[in-house]
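Notes follow the structure.
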Number of protein chains: 2
Amino acid sequence: MRDAAERLGYSASPAARALRMRRSWWVGLIIPDIANPMFGEIARGAAEVLEEAGCHLLVSSHDARPERQAGQIRNMLRQRVDGVILQPFSSTDEDVPRLVQAGVPLVLLARRHRTQPTDHVTMELRAPLLEGLAHLADLGHRRIAITLMGGRTSTSAEERFETYCRFMRERFGAADKSLIVRLERTELVSGREAVPVLLAASPTAIVASNDLLALGIRDGLRDAGLLVPRDLSLLALDDTFLSALPGIELTSSTLPKRQIGVEAARLILARVAAPRRPCETVVLPAPLVVRGSTEALPA
Amino acid sequence: MRDAAERLGYSASPAARALRMRRSWWVGLIIPDIANPMFGEIARGAAEVLEEAGCHLLVSSHDARPERQAGQIRNMLRQRVDGVILQPFSSTDEDVPRLVQAGVPLVLLARRHRTQPTDHVTMELRAPLLEGLAHLADLGHRRIAITLMGGRTSTSAEERFETYCRFMRERFGAADKSLIVRLERTELVSGREAVPVLLAASPTAIVASNDLLALGIRDGLRDAGLLVPRDLSLLALDDTFLSALPGIELTSSTLPKRQIGVEAARLILARVAAPRRPCETVVLPAPLVVRGSTEALPA
DNA sequence: TTGTATGCGTTATCAT
DNA sequence: ATGATAACGCATACAA
C-alpha cells in the first residue's frame, strides 16, 4: 500500500494534513542574521535531525530588529509549527513568555530566560574564558583587557564579567576595571572604534567577544601602529570559521555550531513526544584553539 | 473590519488558506550551502521583497548533493509553493525541466538551462573578468594564470575560458594554455592543492574563481615561500564579504548578492501575476574593487 | 449588499 | 478488518 502510493508518485498534501492534524511538521528557527555562517551551521545541524523525524526546518532571520522577531513568531504560530528554536535578544525577552504561553515547544539558544524556564542549549561560558585567560597569563600577560557585549541585561556578559574579575583577582591579586570595555554592537567597525578605549588601559593582551570583533580590533590596532601578536596578543571567544582562515589565524574558543543545532532539534522533538517532561539544558564545550594571534610577552 | 480582526488578534489559518486556494504564499529558495554568507545575503534580499507581497521565503540547503536537491524540490511542490528560486548544478540539471513541467514559477540563479528557457538572474561574466585582466595587464603582468571551475559542462567556465583566451590573444598576441588550470572544487584546500600546478606555468599573477579559493592559493604560495602581492599578484572573481576583511584584502570583482535575491523574488512575483509572460533575464554588474593583493610587476 | 452552502484533502471516528 | 462520514478553517459561488 505504502509502496503502491510511492510508485504512483502520490504524497499527502501538507496543507490538508496541517489543517486536520493541527500541526505542520515544520520547526521554526529564528535567528538574528542569516548571512552569518555561524547560524548557517546551526541551521544545518538542526535540519539534519529534523529530516530524520520527518520534519522540516523553517528559517527566519530578523536582522536584530525586535519587532521583526515578534512578527516572525506570530507568523510561525499561525503556521502551527511543531516547535520554535530561538536565540532571544536578552534574558528578559518578552517574546519568550508569549511563546511558552502559546504552548509551543520552545528551545532557547545561548541564553536562558530570567524568569521563564525553558529547554535550552548553551555553550560553556566560564570555561573557555578561563582557559583563554590562563593561556594569556601563562604567556606572561598581566594587563589583559576584555570586551563585554550588551548592557547589564545580558546574563552572558554578566557571567563573563564575574569570571574575568575572579580570575584576575585570584591570579594577580586585583582586577583593574579600566581593562573592561563594554560594547553595544558586535561588528567589525565596532571593534575598530573600541581600540582607543582599549588602548587607554594600556593592555598587553585583549580578549574579544567574538572573532569578527577581534578582526576589527586588530585592524584598529594596525592603524595605531601596533601589530598583533608582536605588540599585543589578541584572543577571540565564540569563533566562526573566520578564525581559522589563512591571513586571519586568531587564537579562539571554538563553538560546536552544528552540534548546537543538533541538540536544539533533539530537544524540540523530545518535547513534541512528551509535552510535560521537565525542562532540559544542554551545555556544550567550546575548547580553546591556539593560533597565531597570541604570543609570550617579551621579558 | 480588517482592523477589527487585527484588534482581536485573529488571523487566517495558512493551512486552510493553502488548502482552499491551492497555493501557500511561500516561495522556495534552494541553495547549495546555507553556511555560505553569499547565499545568506541572497536570501535576505529575496525575503525582503517577498514580505512586501505578503509571501514568505522557504530556504532549503542541499549541501551540493543532487539527490537532496531533488528531494527538496519534491517537498516544495507538495507544499504548493508559489515559486522556486534555484541555483542549478549545471546547465543540464534535470530538475529544471521537471520544475517547468510542474508549472511552478521558476527563477534560475547564476546559470541558465541549456535547452529549457526560464526566468533567470546572473551576474556579468565577461565584463568583470576582462576588467580584472586589464587591471593586471596594466600593472605590467603578462603571464596571468586563471582557474576555471567545473568541467566542460559548465557554461560559465566555458564563457570565461573564451573571454580569457580572446583577451590574452588581443593584448599579447597569444594565449598560453598552460596558464589555465581547471579545478573540480571551489574550496580553500582546493586552492592550496592547485598551487604546484599553477606555479608550473610560472605566472606573475593569478585570477581565482572566487575569494575562498584565492585564500587557499595564497596560503599555498606562502608555503612555497612566495608572498602576495610582492612575488605574485592575486585577483578573485565572485567575492564574498571575505575579500574586504582586514588581513584578507583581496582585489576582487564584487557580486551584488542582495540584489540577486531581490531580482529573483521580483521575477517570481511577476510570473505569479502573469504566468504567460515571456521569460526575463536580469544581468547584474560585478565591478572590480582594487585592494591589496595586486601590485605592479617590478621592471 | 449580506448571508449561507460547498469543497479543498486529509485524519479520526463511528458503524458495519 | 474495512468502509463510509464528519470536521479541520478558509474562499467562493450562489441565493436572498
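Chain letters run A, B, ... following the sequence lines, proteins first and then strands; every chain starts at 1.
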Partner set under salt bridge (Lys or Arg N to Asp or Glu O under 4.0 Å) for [X], not counting sequence neighbours:
| X | answer |
| --- | --- |
| A/R22 | none |
| B/R68 | B/D63 |
| A/R258 | A/E48 |
| B/R98 | B/D95 |

- Note on the structure: Writing each nucleotide of DNA chain C 5' to 3' as (, ), [, ], | or . by Watson-Crick or G-U pairing under 3.5 Å yields |.||||||||||||||
- Item | Nearest-Å distance for atom pair CZ/P, residues A/R78 and D/dG9 |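 Computing the A/R78:CZ to D/dG9:P distance gives 15 Å.
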- Query: Should we count CZ of A/R112 as having more than 12 external heavy atoms under 6.0 Å?
  - Reply: no
- Item | Closest non-hydrogen atom pair between A/I34 and B/R44, with its separation | N-NH2, 4.1 Å
- Task: Please report the closest heavy-atom contact between A/L108 and A/H120, naming both atoms and the distance.
- Result: O-CB, 3.0 Å
- Message: At under 4.0 Å between heavy atoms, how does the protein contact nucleotides 6-11 of chain C? Give one character per nucleotide, 5' to 3', with B, S or -.
- Response: -BBBBB
- Query: Donor-acceptor pair, B/D82 side chain versus B/W25 backbone, under 3.5 Å?
  - Reply: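 Yes, the answer is positive, given that a donor and an acceptor are paired below the 3.5 Å cut-off.
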